[in-house]
Amino acid sequence: MKNFLKFLISHSKSYGFIFPSNEIYGGINAIYDYGQYGIELKNNIKEFWWKSMTQLNENIVGIDSSILTHSNVLKSSGHIDEFKELLVYNKNSKKKYQVHLLIENHIKKFFKNDNEQINKILIRLNEYFKKKDTLNIINLINELNIHDPISGNKKDKIWTNIHFMNMMFEIKNSKNLFLRPETAQGIFCNFINVQKSSRMKIPFGIAQIGKSFRNEIIARQFLFRLREFEQMEMQFFINPKEEKKWYKYWKNIRLKWHNSLNLGKNKYRLIDHKNLAHYASLGVDIEFNYPFGFRELEGIHSRRDFDLKKHELFTNKKFIINNNKKVKYTPYVIETSLGLDRLFMAILSSSLKEEKLDNGKKRTILKIPPCLSPVKAAILPLVKKDGIPDIANKIFHNEKINHNIIYDYKDSIGKLYRRQDAIGTPLCFTVDYKTIENNTVTIRYRDNMNQERIHINEISNKIELETGLKNILKKLLNN
RNA sequence: GCGGAAGUAGCUCAGUUUGGUAGAGCUUCAGCCUUCCAAGUUGAAUGUCGCGGGUUCGAAUCCCGUCUUCCGCUCCA
């Protein structure tokens with residue numbers, strides 16, 4: 001599977017989906033750019049998500065809040081205090097370590113196979129972590145007589161106090177600004193604005209697509225864990241009494257949404273959260289089977305009134321819903337939070353196939369869901385003479401206003417088809433000599449390479465029928 | 001951070017053991033030929049061999065240093 005990931009990364013680059021960012025200057029690890037087809041695919045995913053949230057649900061609206069965020073917002077939300085890792089520095093070597101890794105690695109080496117001893121210490125360690133008892137943690141480090149594993153010098157045993165590394169990027173030369181670590185806070189901050197201006201009643205939701213930034217300790221696995229990433233989040237505001245109902249509702253809806261893409265039902269699994277984030281009370285992950293195994297794709301959490309209550313407290317504003325004076329409450333929130341880059345990679349990795357054909361040759365093909373394909377169709381001339389390219393070109397220009405399509409004439413027809421397969425174009429329309437006679441073209445399907453003839457006038461409808469977003473949206477509504 | 005792998009053409013890689021004019025396939029580009037699946041054919045372009053030093057008459061190759069990327073482990077979307 002390691003080789004498949006390599007193949008995926010290479011294919012993504014060769015065909016204009018994903019490029020390593022800042023590549024000509026050596027690149028930056030785990031930062032990527034979207035290429036010409038990558039951005040089309042990404043935009044289509046966004047559109048699908050956006051419409052299924054906002055257009056199909058009259059009680060969900062979207063916003064686009066700023067990435068730069070006031071530090072007080074993140075102070076209130078708990079991110080400044082809770083969203084961090086514990087670090088300790090060696091005073092001699094000046095090297096820094098993640099506290100729990102330093103201790104764990106040490107005792108695993110020191111006690112080797114004595115699991116009883118190891119577990120004893122781990123239990124103590126976990127307790128200290130829970131209580132944020134940094135004093136006892138540093139005592140433990142001293143008690144275990146841990147020396148700096150990098151320098152290897154046994155005299156390097158003097159450690160600083162425990163430090164906290166915040167996972168957020170701070171804008172250093174600007175007062176009190178952070179790059180947001182999640183899009184959700186922008187939604188909470190606009191709760192009143194949206195609610196008042198839209199006159200929406202509970203339950204209602206606010207959706208947002210946008211970049212978020214986290215200073216991950218280790219960013220890896222292609223597009224999976226990035227320091228700059230894009231989220232598609234929807235915060236659904238509810239009556240606290242209905243927490244379980246809506247949590248269950250959105251869990252089901254979101255799973256159905258993923259399944260509508262037909263990447264394979266066995267590609268998904270639901271995992272209940274054991275370690276909840278500081279703001280959540282109920283949580284489940286929809287995991288996807290990536291080339292490197294099942295990993296988180298989307299999280300559905302109940303954030304209860306954690307965020308709104310905090311913002312109420314720090315701003316003295318009221319986020320209280322007042323229904324005819326009978327019931328007053330601060331709404332609970334059910335959050336659905338989807339990693340756009342992760343979904344992008346899920347689609348790409350499960351769509352990339354190498355097929356063996358009957359003639360013994362190989363076909364590299366991206367079986368992307370047609371409604372998300374970067375290019376919907378290609379108009380191709382069978383041969384490069386007798387005015388056939390001109391006809392194809394004319395069809396292209398008439399049709400390009402309706403759909404994102406390509407006209408290509410270079411090389412033999414076989415090569416043209418394969419080139420479209422490689423970027424996942426679902427349909428190819430080929431102009432040949434019969435077109436001159438009766439205005440028909442061959443339509444060739446990406447997935448099975450079958451062909452049939454249709455009239456030129458039907459091309460537009462055919463593309464819409466096979467690749468339109470409407471079909472899949474309709475399917476969601478009927479569920 | 002630790003551990004593993006690797007940096008040579010747009011992509012995949014050979015060449016490094018044993019120093020001697022920088023290579024292949026695919027891609028790309030320009031033709032010719034072709035009535036449907038990476039076809040045939042003619043030609044062309046493409047490189048500071050990651051970077052810096054050293055050894056040598058001569059370094060992609062040997063030595064020293066350095067940078068970067070990818071993968072695994074802890075965090076999460």
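Per chain, numbering begins at 1; letters A, B, ... match sequence-line order. All of these numbers come straight from a predicted model, not from anything done at the bench.
With hydrogens and angles ignored, no donor-acceptor pair closer than 3.5 Å exists between the side chain of A/Q420 and the base of B/rA38.
B/rC13 is paired with B/rG23 under the Watson-Crick or G-U wobble criterion, all donor-acceptor distances under 3.5 Å. Nucleotide B/rG7 is matched to B/rC67 when pairs are restricted to Watson-Crick or G-U wobble geometry with both distances under 3.5 angstrom. When both pairing distances are held under 3.5 Å, B/rG72 makes a Watson-Crick or G-U pair with B/rC2. Pairing partner, B/rC29: B/rG43, with both Watson-Crick or wobble hydrogen-bond distances short of 3.5 Å. The pairing partner recorded for B/rC36 is none, the criterion being a Watson-Crick or G-U wobble arrangement whose two distances lie under 3.5 angstrom.
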Report all interatomic pairs (protein N or O, nucleotide N or O of nucleotides 44-46 of chain B) with separations under 3.5 Å.
none

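Looking at heavy-atom distances under 4.0 Å, A/E296 makes contact with a base. Across all strands shown, A/A219 has no heavy atoms under 4.0 Å from either base or sugar-phosphate atoms. Within 4.0 Å (heavy atoms only), A/L380 reaches no atom of the nucleic acid at all. Nucleic acid contact for A/L297: sugar-phosphate only, since backbone atoms but no base atoms lie under 4.0 Å from a heavy atom of the residue.
Per the geometry, CZ belonging to A/F19 stands 10 Å off P belonging to B/rC11, to the nearest Å. When the P atom of B/rU74 is taken as reference, atom CE of A/M167 falls 14 Å away, rounded to whole Å. Between the P atom of B/rC11 and the NE2 atom of A/H11 lies a distance of 14 Å, rounded to the nearest Å. One interatomic measurement links the two molecules: CD1 of A/I31 to P of B/rU69, which rounds to 9 Å at whole-angstrom precision. Protein atom CZ of A/R220 is 9 Å distant from nucleotide atom P of B/rU69, rounded to whole Å. Between A/I24 atom CD1 and B/rA9 atom P there is a gap of 15 Å when expressed in whole angstrom units. Atom CZ in A/F292 sits roughly 13 Å away from atom C1' in B/rC70 (whole-Å rounding). Rounding to whole angstrom units, CG of residue A/D33 and P of B/rG10 are separated by 18 Å.
Under 4.0 Å is where a charged nitrogen must lie from a carboxylate oxygen, and between A/E287 and A/R295 no such pair does. Comment: A/E466 does not engage A/K376 in a salt bridge, judged by the lack of any side-chain N to carboxylate O separation of less than 4.0 angstrom. With respect to the salt-bridge test (charged N to carboxylate O, under 4.0 angstrom), the residues A/R303 and A/E335 qualify. A salt bridge is defined here as a Lys NZ or Arg NE, NH1 or NH2 lying under 4.0 Å from an Asp or Glu carboxylate O, and A/E355 with A/K362 fails to meet this definition. Salt bridge status for A/R444 with A/E452: absent, with no side-chain N to carboxylate O gap under 4.0 Å. A salt bridge links A/E23 with A/K13: the closest approach of a Lys/Arg side-chain nitrogen to an acidic carboxylate oxygen falls below 4.0 angstrom.
In the set B/rC2, B/rA77, B/rG10, B/rG10 carries the atom at the smallest distance from any side-chain atom of A/K13. Comparing atom distances between the A/N29 side chain and each of B/rC11, B/rC71, B/rC70 picks out B/rC70 as nearest. Counting only heavy atoms from C-beta on, A/Y32 has its side chain closest to B/rC70 among B/rC70, B/rA38, B/rA77.
Between the C1' atoms of B/rG3 and B/rU74, the separation comes to 14 Å (whole Å). Comparing B/rG10 with B/rG50, their P atoms sit 13 Å apart, to the nearest whole Å. Comparing the C1' positions of B/rC32 and B/rA24 gives a spacing of 26 Å, expressed to the nearest Å. Using atom P as the reference point in both B/rC62 and B/rU16, the two lie 9 Å apart (nearest Å). When the P atom is used for both B/rG53 and B/rC49, the distance is 13 Å, rounded to whole Å. Atom P of B/rU42 sits at a distance of 43 Å from the matching atom of B/rG58, rounded to the whole Å. B/rA22 and B/rG47: their C1' atoms are spaced 8 Å apart (whole Å). When the P atom is compared between B/rA30 and B/rC73, the two are found 46 Å apart, to the nearest whole Å.
Taking the centre of each ring, A/Y332 and A/W246 stay at or above the 6.0 Å mark. A/F178 and A/F169 have their aromatic ring centers separated by at least 6.0 angstrom. Residues A/F222 and A/F292 keep their aromatic ring centres 6.0 Å or farther apart.
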Just distance, no hydrogens or angles: give the donor-acceptor pairs under 3.5 Å from side chains in residues 380-394 of chain A, sequence neighbours left out.
from, atom 1, to, atom 2, distance (Å)
A/D386, OD2, A/Y433, OH, 2.4
A/N393, OD1, A/H397, NE2, 3.4

*Base, backbone or nothing for each nucleotide of nucleotides 29-37 of chain B, written B, S, -, heavy atoms under 4.0 angstrom, 5' to 3'?*
SB---BBBB

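Distances shown here put every side-chain N or O of A/Q221 at or beyond 4.0 Å from the OP1 or OP2 atom of B/rC71. Contact between the side-chain N/O atoms of A/Y290 and the OP1/OP2 oxygens of B/rC71 is not found at any separation under 4.0 Å. The phosphate of B/rA77 (OP1 or OP2) has no side-chain N or O of A/S212 nearer than 4.0 angstrom.
Results of the salt bridge (charged side-chain N to carboxylate O under 4.0 Å, His left out) test with A/D421 over A/K367, A/R363, A/R446, A/K415 single out A/R363 as the only residue that passes.
Annotation: A/Y268, atom OH; neighbour count of heavy atoms from other residues, nucleotides and ligands within 6.0 Å is above 12.
Mapping A/F222 and A/D285 onto RNA chain B via the closest heavy atom, the residue that lands nearer the 5' end is A/F222.
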